[in-house]
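Below is one structure, written out as structure tokens; the observations come after it.
Letters A, B, ... mirror the listed sequences (proteins, then strands); counts begin at 1. Owing to the predicted nature of the structure, the values given are computational and were not obtained by experimental measurement. Below, all heavy atoms of this structure are taken into account, side chains as well, without hydrogens, waters or symmetry copies.
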Protein chains: 2
Amino acid sequence: MMVNKVKFERDAVVRIASQLFWQKGFNTTSTRDLQDAINMRPGSIYAAFGSKEGLYCEALKDYALQMQNKLNTCLAAHSKVLDGLTMFVTQVLIEDQHHAPSNLCMLIKANSEFGDDQPTLKTLSQNLLGQFEEFLSIIFTKAQRQGELAEDLTALEYARFFQIQFTGLRSYLNRPNSNRLAAGLIAQMFLSLQLLK
Amino acid sequence: MMVNKVKFERDAVVRIASQLFWQKGFNTTSTRDLQDAINMRPGSIYAAFGSKEGLYCEALKDYALQMQNKLNTCLAAHSKVLDGLTMFVTQVLIEDQHHAPSNLCMLIKANSEFGDDQPTLKTLSQNLLGQFEEFLSIIFTKAQRQGELAEDLTALEYARFFQIQFTGLRSYLNRPNSNRLAAGLIAQMFLSLQLLK
DNA sequence: TTTTAACTTGAACAATCGCTCAAAATCAAA
DNA sequence: TTTGATTTTGAGCGATTGTTCAAGTTAAAA
């Protein structure tokens with residue numbers, strides 16, 4: 001019970017840190033910002049996470065896990081895979097938009113922030129994106145097995161196309177007055193997906 | 001002549017700064033990095049550009065201009081608009097990839113780096129992206145007039161789709177061992193464009 | 001109640017940040 | 001050659017960075 005309490009608090013701290021890192025990025029989030037947000041002093045933070053980078057790694061992994069959970073929830077709510085995916089995209093790009101720390105996917109933001117000078121974080125973001133792609137491949141395999149998509153492309157190719165569309169769309173919706181276009185562009189995205197051959 | 005000499009040197013300085021900013025982003029590029037790259041001391045830099053932000057603005061505008069010039073060159077090399085666009089995308093995503101400071105578009109990188117705490121730079125990047133969209137709209141209008149694309153969508157809608165694809169693709173090609181997929185994904189992009197309705 | 005181990009605190013360090021400015025160097029006009 | 005205006009230099013300012021660590025606090029064991 002006590003162990004759970006500690007574990008819970010640690011998760012809560014990671015989640016708050018994740019929100020801040022997601023909003024400001026790794027390099028521009030100062031340890032003072034983090035201290036204020038998670039209400040911990042340097043000594044405690046460094047005892048628990050080792051470094052700013054250590055805390056960020058946990059935050060990024062937590063974000064990736066939350067995304068997978070969200071996608072699983074959406075898929076469980078529909079019998080058709082494509083309906084679940086549509087719900088997922090709609091939820092992320094429209095409903096979550098208002099209270100999300102950033103309009104971009106944290107993984108994509110990470111992958112674009114880090115260069116060869118920060119190989120640890122670059123590799124981590126790439127691995128997490130790779131995991132998500134694997135996850136999507138399984139999903140698209142199921143969609144093909146259920147006859148929702150053609151067999152001309154492999155499931156991995158569909159997964160790639162989905163990510164490209166999703167990322168591009170998310171970036172585009174970062175522009176002013178683009179919210180009103182969101183629903184139409186999402187419809188267009190799934191239309192393109194089904195037209196692929 | 002002297003005026004041209006000075007102007008030329010200023011442009012050269014901006015171009016070098018642009019490369020560095022493109023690679024590292026605005027916030028993580030220090031004024032010391034810039035000093036070394038453009039071989040100027042703080043006093044001269046601040047006399048010429050006012051601030052780090054001032055130099056960045058010129059660098060970003062220069063990047064946008066270079067992109068438009070590149071696109072114009074590609075379009076001029078082909079009678080069909082879609083062939084020109086294909087050349088442009090191929091050049092940026094495959095040929096330029098090796099010697100480019102970053103795998104991402106500098107405008108997209110800027111638009112994702114800046115939040116509400118840096119409104120000047122956020123607005124600038126949004127304006128430049130907006131200009132590029134207008135430019136693309138004109139291009140797609142011509143493509144439609146030449147019968148290369150359907151009339152079901154407006155030119156602006158084609159321009160939006162192009163940007164979403166281009167951005168998403170560019171982000172995806174940031175992952176390891178994805179270079180071998182580039183050509184195929186570009187072909188898929190233009191296939192989707194022509195299948196749109 | 002005393003002991004001990006674990007955790008928290010916050011002052012402070014060295015490094016780096018964007019930027020200033022008096023002094024030196026440069027150059028064109030007289 | 002002298003003068004006066006312009007540009008360049010680089011030491012250094014105050015603020016902020018990631019991180020450390022001795023001192024203080026807390027809580028469970030004895």
Just call it for [X]: base, sugar-phosphate, or nothing, with non-hydrogen atoms closer than 4.0 Å on any strand.
X       : result
A/Thr31 : base
B/Thr29 : sugar-phosphate
B/Ser30 : sugar-phosphate

What is the distance, rounded to the nearest whole Å, between atom [atom1] of [X] and atom [atom2] of [N]?
X       : N      : atom1 : atom2 : answer
A/Phe49 : D/dT20 : CZ    : C1'   : 18 Å
B/Arg32 : D/dA11 : CZ    : P     : 11 Å
A/Asn27 : D/dG18 : CG    : C1'   : 12 Å
B/Asp36 : C/dC17 : CG    : P     : 10 Å

From the list C/dT20, D/dT17, D/dT8, which nucleotide is the closest neighbour of the side chain of B/Ser44? D/dT8

Quick one: which of C/dT9, D/dT19, D/dT9 gets closest to the side chain of A/Ser51? D/dT19

Which sits closer to the 5' end of DNA chain D, A/Pro42 or A/Thr28, going by the nucleotide each is nearest to? A/Thr28

Is there a path from A/Leu104 to B/Ile108 through hydrophobic residues (I, L, V, M, F, W, Y) whose side chains come within less than 4.5 Å of each other? no

Is the A/Phe166 to A/Phe132 ring centre distance short of 6.0 Å? no

Does B/Lys70 make a cation-pi contact with B/Phe88, if we ask for NZ or CZ under 6.0 Å from the ring centre and within 45° of the axis? no

Can you tell whether the side chains of B/Arg15 and B/Asp62 come within less than 4.0 Å, N to carboxylate O? yes

